[in-house]
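See structure below.
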Amino acid sequence: MKKERILSGMRPSGKLHLGNYLGALSDWVKQQEKYECFFMIADWHALTDRTDTRQIHQDTQDMLIDWLAAGLSPQESTLFLQSQIPEHAELHLILSMITPVSWLERCPTYKEKLEIGQENNYGLLGYPVLQTADILMYKASKVPVGEDQLPHLELSREIARRFNYLYGNIFPEPEPLRYDAVKVLGLDGKKKMSKSYSNEIALSEEPRLIEKKVLGMFTDPRKIYLKDPGHPEECNVYSYHRIFGPSWGKDLDGIFQDCREGRLPCTRCKKDLAQVLIKALAPFRERRKELEANPSELEKILAEGKKAASEVARATSDEVRKAMHISSAQG
RNA sequence: AGGUCCGUAGCUCAAUUGGCUAGAGCACCGGACUCCAAAUCCGGCGGUUGCGGGUUCGAGUCCUGCCGGACCUGCCA
């Protein structure tokens, strides 16, 4: 039986961090077995973030390396760069013609971006339409999404329905593929892990920096003196132990009890955590070094991804043009 | 294209209306405190006032030309 197809993408944000890994990438790695996967580096989407594009190539390289180091496999999945498939832009244009502005103006993400003062340009408003084009292009039946992307996917389904109604049944309505994203707060223990908050630990972080960053983590503010009892259930450091500790044979109950009863100094707790993280990320750092030393390998992977994605995209483009009585781009 | 308003530290804003060394909060860094971190208290870093020209004893402030942005009225497709 043919595997179902999924598509997902990330904006090229450079080197990824633990939050990216736990929140999405680790799930993608797992989905590779079960689904035919298209994973896209969304460099066109990245343009809503920045007008200064000088870093974009390096960010793309860095993210691709992290994907591979984390276990995305070019043998199993199609890894490609959005801007290398111009059909995305074409489909975006076509879909924009049948998408009411009011649908877009009520997207929570759009409203949030405006609230934080992001420039209200055409592209930002149309962001979910481009996303829809990305998904429909490959006729993905499922899309791995986090909580915040659900409204966008709902919009994609509406746009697909509308297109099908107007021009014929071409696009499947994409279903969300929910996963229990492991929520991990940043080092400050207050906001989600993000580069823009400078509270992140990169997957490729050097051991010395991992230790420095972990020692600076926010802890239970009620535990001030060494012998004060802690509240591990509320402590961000313990939540990291709970995520990473088990695979390294850490005695979680022991940490919990000792902290609670004031026998475990935060400093020791943090040093332990740093060691766990350093070990957990060691294979990742190794793999990254190999990939960094081999840029032609990366080029090859993207070239193959481009080829595979192009085939599908051209076919979809032809089908869409035909349905709309517009002449084919292939001549 | 024309009109109105605006541009000051990484961010948000001040500067007695032309007058002393352009200030404050947040952020950041350091110290005290703490087993650490946070909070708090001290201290520090941070500026060619968008760029150029002019008026003046003196310009962030007034005039002018560019650059950049917001809003309004149009023009072309």
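Predicted model, so just to flag it, every value in this text is computed and none were measured. Chain naming here is simple, since letters A, B, ... match the order of the sequence lines and numbering starts at 1 in each.
- Panel note: side chain A:D220, backbone A:E234; no donor-acceptor pair is recorded below 3.5 Å.
- Atom pair A:Y197:OH and B:C28:P shows a separation of 14 Å (rounding to whole Å applied).
- Here the separation of B:G43 from B:C36, taken at their P atoms, is 23 Å to the nearest Å.
- Across all strands shown, A:D188 has no heavy atoms under 4.0 Å from either base or sugar-phosphate atoms.
- With a glycosidic angle no further than 90° from 0, B:U17 counts as syn.
- Among the protein residues, A:K227 comes within range of no part of the nucleic acid, since none of its heavy atoms lies under 4.0 Å from any strand.
- Between B:U48 and B:G53, the two C1' atoms lie 16 Å apart (nearest whole Å).
- Judged by Watson-Crick or G-U wobble contacts below 3.5 Å, the nucleotide B:A77 has no partner.
- Taking the six-membered ring where tryptophan is involved, the planes of A:Y238 and A:F256 are perpendicular, since the angle between them exceeds 60° and thus also 30°.
- Pairing partner, B:G2: B:C72, with both Watson-Crick or wobble hydrogen-bond distances short of 3.5 Å.
- One can place CD1 of A:I255 at 21 Å from P of B:C35, the figure rounded to the nearest angstrom.
- Rounded to the nearest Å, the gap between the C1' atom of B:C33 and that of B:G47 is 34 Å.
- Taking only side-chain atoms of A:K190, from C-beta outward, the nucleotide of B:A38, B:U34, B:C36 with the closest atom is B:A38.
- Here, B:U61 and B:C51 have their P atoms 11 Å apart, quoted to the whole Å.
- Spacing between atom CZ of A:R222 and atom P of B:A37 amounts to 20 Å, rounded to whole angstrom units.
- To the nearest whole angstrom, the two C1' atoms, one in B:G7 and one in B:U49, are 9 Å apart.
- Here, B:G65 and B:G30 have their C1' atoms 46 Å apart, quoted to the whole Å.
- B:G60 and B:C20 are spaced 16 Å apart, taking the C1' atom of each and rounding to whole Å.
- At whole-Å resolution of the value, CG in A:D220 and P in B:U34 are 18 Å apart.
- Straight-line distance from the CG atom of A:D272 to the P atom of B:C36: 17 Å, rounded to whole Å.
- One N or O on the side chain of A:T316 and one on the backbone of A:M137 form a donor-acceptor pair closer than 3.5 Å.
- Applying the 6.0 Å contact sphere to NZ of A:K139 captures more than 12 heavy atoms from other residues, nucleotides or ligands.
- For the C1' atoms, the distance linking B:G31 with B:C45 amounts to 14 Å, nearest Å.
- A donor-acceptor pair is defined here as one N or O able to donate and one able to accept, closer than 3.5 Å; no such pair exists between the side chain of A:E4 and the backbone of A:S141.
- Across all strands, A:I224 comes closer than 4.0 Å to base atoms (heavy-atom distances).
- A:T267 contributes a side-chain N or O that forms a donor-acceptor pair with the base of B:C35 under 3.5 Å.
- Rounded to a whole Å, the CG atom of A:L187 is 14 Å from the C1' atom of B:C36.
- Heavy-atom minimum distance, A:R288 versus A:D66: NE-OD1, 3.0 Å.
- Using the Watson-Crick or G-U wobble rule with both distances under 3.5 Å, B:C28 pairs with B:G44.
- Base pairing of B:A38 is not made with any nucleotide, judged by Watson-Crick or G-U wobble geometry with both donor-acceptor distances under 3.5 Å.
- Rounded to whole Å, the distance from NZ on A:K223 to C1' on B:U34 is 11 Å.
- Rounded to a whole Å, the CZ atom of A:R268 is 13 Å from the C1' atom of B:C36.
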